[in-house]
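Before any comments, here is the structure.
All values reported here derive from a predicted model rather than from experimental measurement. Lettering follows sequence order; numbering is per chain, from 1.
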Number of protein chains: 2
Amino acid sequence: MNETPSSQSLLFLTDEQLRKGIEAMFFAYRGFTADPDRILQEKGYGRAHHRAVHFIHRSPGTTVNNLLSILGVTKQSLNRVLRTLIEDGLVESRVGPEDKRERHLYLTEAGSVLERELTEAQRDRMRMAYKAAGPSAVAGFRQVLEAMMDEDIRRQYEALRDKTT
Amino acid sequence: MNETPSSQSLLFLTDEQLRKGIEAMFFAYRGFTADPDRILQEKGYGRAHHRAVHFIHRSPGTTVNNLLSILGVTKQSLNRVLRTLIEDGLVESRVGPEDKRERHLYLTEAGSVLERELTEAQRDRMRMAYKAAGPSAVAGFRQVLEAMMDEDIRRQYEALRDKTT
DNA sequence: TTGGAGTGTCAACAAGGCTGACTTATCCTG
DNA sequence: CAGGATAAGTCAGCCTTGTTGACACTCCAA
């Protein structure tokens with residue numbers, strides 16, 4: 001109790017507090033990816049495959065270009081990942097019904113199985129963290145994360161959210 | 001006890017909420033690393049250099065083994081990064097005073113300059129996010145992140161925290 | 001019918017993870 | 001004091017996943 005009340009209320013903006021936030025973000029992200037990474041490695045896939053599978057599941061029928069802008073990688077990079085997923089029968093690429101230049105991406109049954117396995121692992125950890133922290137902490141967690149995104153990324157995040165809300 | 005008002009309070013644990021959390025984490029981490037990544041690229045360094053510099057600044061005199069366990073990479077991987085930092089005069093490696101097998105790592109003046117530049121960029125974004133979300137949101141943010149870490153990682157995170165508290 | 005958009009492919013390269021094997025120097029213990 | 005354990009560094013090679021650049025194909029619309 002040796003600090004004045006006004007310094008208390010701004011304490012969350014001190015360099016020390018910010019540094020703690022930076023490190024928390026770093027270590028938490030490791031935990032966040034650890035479980036799916038383990039599963040992926042067993043099957044000879046990487047994080048890039050996870051991301052592609054996640055967002056195809058999330059928005060079935062999405063085009064390659066859509067996926068590119070969501071993932072923020074080059075088409076060559078995505079294509080390499082996509083090709084192995086298609087070859088392995090996890091993803092199906094259908095010619096667009098309106099515009100035949102476009103390819104619409106869907107998970108196959110096998111792809112859905114993998115998606116569920118990965119998501120469940122990641123969700124379990126998220127659920128534990130949410131449970132431990134409680135609802136109001138979760139609200140704060142989401143608020144800070146959303147404020148941390150780039151402008152254009154946040155727009156995509158919110159567009160994604162709207163699509164199934 | 002199915003759809004009573006009490007189930008409202010558990011809404012933050014629905015699959016939909018958890019999925020939003022997962023995607024928020026993914027997009028926010030991109031924002032989190034975007035600014036330092038830009039600076040690093042200009043200077044021909046990568047994220048791995050940033051991490052090394054950050055934790056050497058954080059715990060001056062840390063040994064290579066310490067750094068290894070904090071960063072969670074192999075010594076070969078760390079060594080590649082550390083070697084360039086030492087060659088470029090950003091990091092100094094001193095023989096341990098007690099145990100001469102150990103190397104103690106310090107930032108040079110130039111290293112500190114880079115560290116400050118990187119940290120300031122990252123901290124600016126964190127500060128904006130904190131400011132936008134407010135103190136109680138920040139508390140929740142940290143709670144969830146800490147709950148998301150692996151057990152052993154959390155111990156290291158807390159040990160780091162204690163060191164300068 | 002021609003230009004542009006969307007897509008895909010080839011080649012080459014870099015960062016930064018990994019494993020395995022080995023050396024050197026030092027420390028500690030029996 | 002000898003020998004094993006420990007800390008660090010190094011070499012070689014592999015993988016994933018990101019990058020550029022160049023180029024071809026298909027299809028749509030002006």
Side-chain angles (χ1 to χ4, degrees), chain A residues 26 29-30 33-34 36-56 61-88 91-106, chain B residues 26 29-30 33-34 36-56 61-88 91-106:
Chain A
F26 171 65
Y29 199 77
R30 282 242 294 272
T33 55
D37 278 358
R38 256 189 299 276
I39 295 168
L40 288 157
Q41 206 195 350
E42 286 168 17
K43 321 214 175 219
Y45 294 121
R47 228 175 259 182
H49 299 85
H50 184 187
R51 293 197 283 261
V53 165
H54 175 96
F55 285 107
I56 293 171
T62 186
T63 64
V64 173
N65 249 359
N66 266 338
L67 210 47
L68 282 183
S69 68
I70 288 168
L71 297 177
V73 298
T74 59
K75 65 177 173 175
Q76 293 89 333
S77 217
L78 174 59
N79 197 253
R80 183 168 33 201
V81 164
L82 228 37
R83 192 167 44 212
T84 72
L85 290 174
I86 292 169
E87 277 169 9
D88 295 356
V91 167
E92 194 190 343
S93 167
R94 294 186 208 152
V95 172
E98 317 268 284
D99 187 335
K100 293 178 185 169
R101 290 167 303 179
E102 296 179 343
R103 297 296 179 276
H104 294 240
L105 303 169
Y106 299 88
Chain B
F26 170 65
Y29 199 76
R30 281 243 294 273
T33 55
D37 278 358
R38 256 189 298 275
I39 295 168
L40 288 158
Q41 207 194 348
E42 285 168 18
K43 322 214 176 221
Y45 295 120
R47 228 175 260 183
H49 299 86
H50 184 186
R51 293 196 284 262
V53 164
H54 175 95
F55 284 107
I56 293 172
T62 188
T63 65
V64 173
N65 252 356
N66 267 338
L67 209 48
L68 283 182
S69 68
I70 288 169
L71 297 178
V73 297
T74 60
K75 67 174 171 176
Q76 293 91 329
S77 222
L78 175 58
N79 198 253
R80 184 168 30 198
V81 164
L82 227 37
R83 194 165 41 209
T84 72
L85 290 174
I86 291 169
E87 277 169 9
D88 294 355
V91 166
E92 194 189 345
S93 166
R94 297 185 207 152
V95 171
E98 317 267 283
D99 187 335
K100 291 178 186 169
R101 289 171 303 179
E102 297 177 342
R103 296 296 127 85
H104 293 237
L105 303 170
Y106 300 87

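Both A/Arg80 and B/His104 lie near DNA chain D, and the one whose nearest nucleotide falls closer to the 5' end is B/His104.
Across residues 43-51 of chain A, A/Gly46, A/Arg47, A/Ala48, A/His49, A/Arg51 each have a non-hydrogen atom less than 4.0 Å from an atom of DNA chain D (numbered order).
Note that the first and last nucleotides of DNA chain C, 5' to 3', having any atom under 4.0 angstrom from a heavy atom of chain A are C/dG4 to C/dC10.
For the salt bridge (Lys or Arg N to Asp or Glu O under 4.0 Å) test, no residue two or more places apart in sequence or in another chain qualifies with A/Arg30. A/Val53 pairs by the side chain to side chain contact (heavy atoms under 4.5 Å, CB included) definition with A/Leu85, A/Leu107, A/Glu115, not counting sequence neighbours. In this structure, A/His50 has no side-chain hydrogen bond (donor to acceptor under 3.5 Å, both in side chains) partners at least two apart in sequence or on a different chain. Under the ring pair (Phe, Tyr, Trp, His ring centres under 6.0 Å) criterion, A/Tyr29 pairs with A/Phe32, B/Tyr29, not counting sequence neighbours. For the side-chain hydrogen bond (donor to acceptor under 3.5 Å, both in side chains) test, residues two or more places apart in sequence or in another chain that qualify with B/Asp99 are B/Arg101.
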I'd like a table of atom pairs between the protein and nucleotides 28-30 of chain D - only N or O on both sides, under 3.5 Å - with the distance next to each one.
none

With 3.5 Å as the limit, what N/O pairs link the protein to nucleotides 9-12 of chain D?
unit_1: D/dG9; atom_1: N7; unit_2: B/Lys75; atom_2: NZ; d: 3.2
unit_1: D/dG9; atom_1: O6; unit_2: B/Lys75; atom_2: NZ; d: 2.2
unit_1: D/dT10; atom_1: OP2; unit_2: B/Asn79; atom_2: OD1; d: 3.2
unit_1: D/dT10; atom_1: OP2; unit_2: B/Arg83; atom_2: NH1; d: 3.4

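In terms of heavy atoms, B/Ile70 sits closest to A/Phe26 at O-CE2, 4.5 Å. Contact record, A/Val64 with A/Leu78: O-CD2, 4.0 Å, taken as the closest heavy-atom pair. The minimum heavy-atom distance linking A/Gly61 with A/His104 is given by the pair O-ND1, 2.9 Å.
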Quick one: do B/Glu92 and B/Ile86 satisfy side chain to side chain contact (heavy atoms under 4.5 Å, CB included)? Show the steps, please.
-> CA-CA 6 Å; B/Glu92 194 189 345; B/Ile86 291 169; over 6 Å; no
Check against side chain to side chain contact (heavy atoms under 4.5 Å, CB included), B/Leu105 and B/Leu82 = CA-CA 10 Å; B/Leu105 303 170; B/Leu82 227 37; 3.9 Å; yes
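As a whole-Å value, the separation of A/Leu85 CG from D/dT16 P is 13 Å. Separating the CD atom of A/Glu102 from the C1' atom of D/dC25 is a distance of 16 Å, rounded to the nearest angstrom.
Contacts classified as side-chain hydrogen bond (donor to acceptor under 3.5 Å, both in side chains) and involving residues 74-83 of chain B (residues at least two apart or in different chains) are not found.
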Indicate every side-chain donor-acceptor pair of residues 39-49 of chain A with a distance under 3.5 Å to a residue at least two apart or in another chain.
unit_1: A/Lys43; atom_1: NZ; unit_2: A/Glu117; atom_2: OE1; d: 3.1
unit_1: A/Tyr45; atom_1: OH; unit_2: A/Asp88; atom_2: OD2; d: 2.4
unit_1: A/Arg47; atom_1: NE; unit_2: A/Asp37; atom_2: OD1; d: 3.3
unit_1: A/Arg47; atom_1: NE; unit_2: A/Asp37; atom_2: OD2; d: 3.2
unit_1: A/Arg47; atom_1: NH2; unit_2: A/Thr33; atom_2: OG1; d: 3.2
unit_1: A/Arg47; atom_1: NH2; unit_2: A/Asp37; atom_2: OD2; d: 2.8
unit_1: A/His49; atom_1: ND1; unit_2: A/Gly46; atom_2: N; d: 2.9
unit_1: A/His49; atom_1: NE2; unit_2: A/Thr84; atom_2: OG1; d: 3.2

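Counting heavy-atom neighbours within 6.0 Å of A/Glu87 CD, excluding the residue itself, gives a total above 12.
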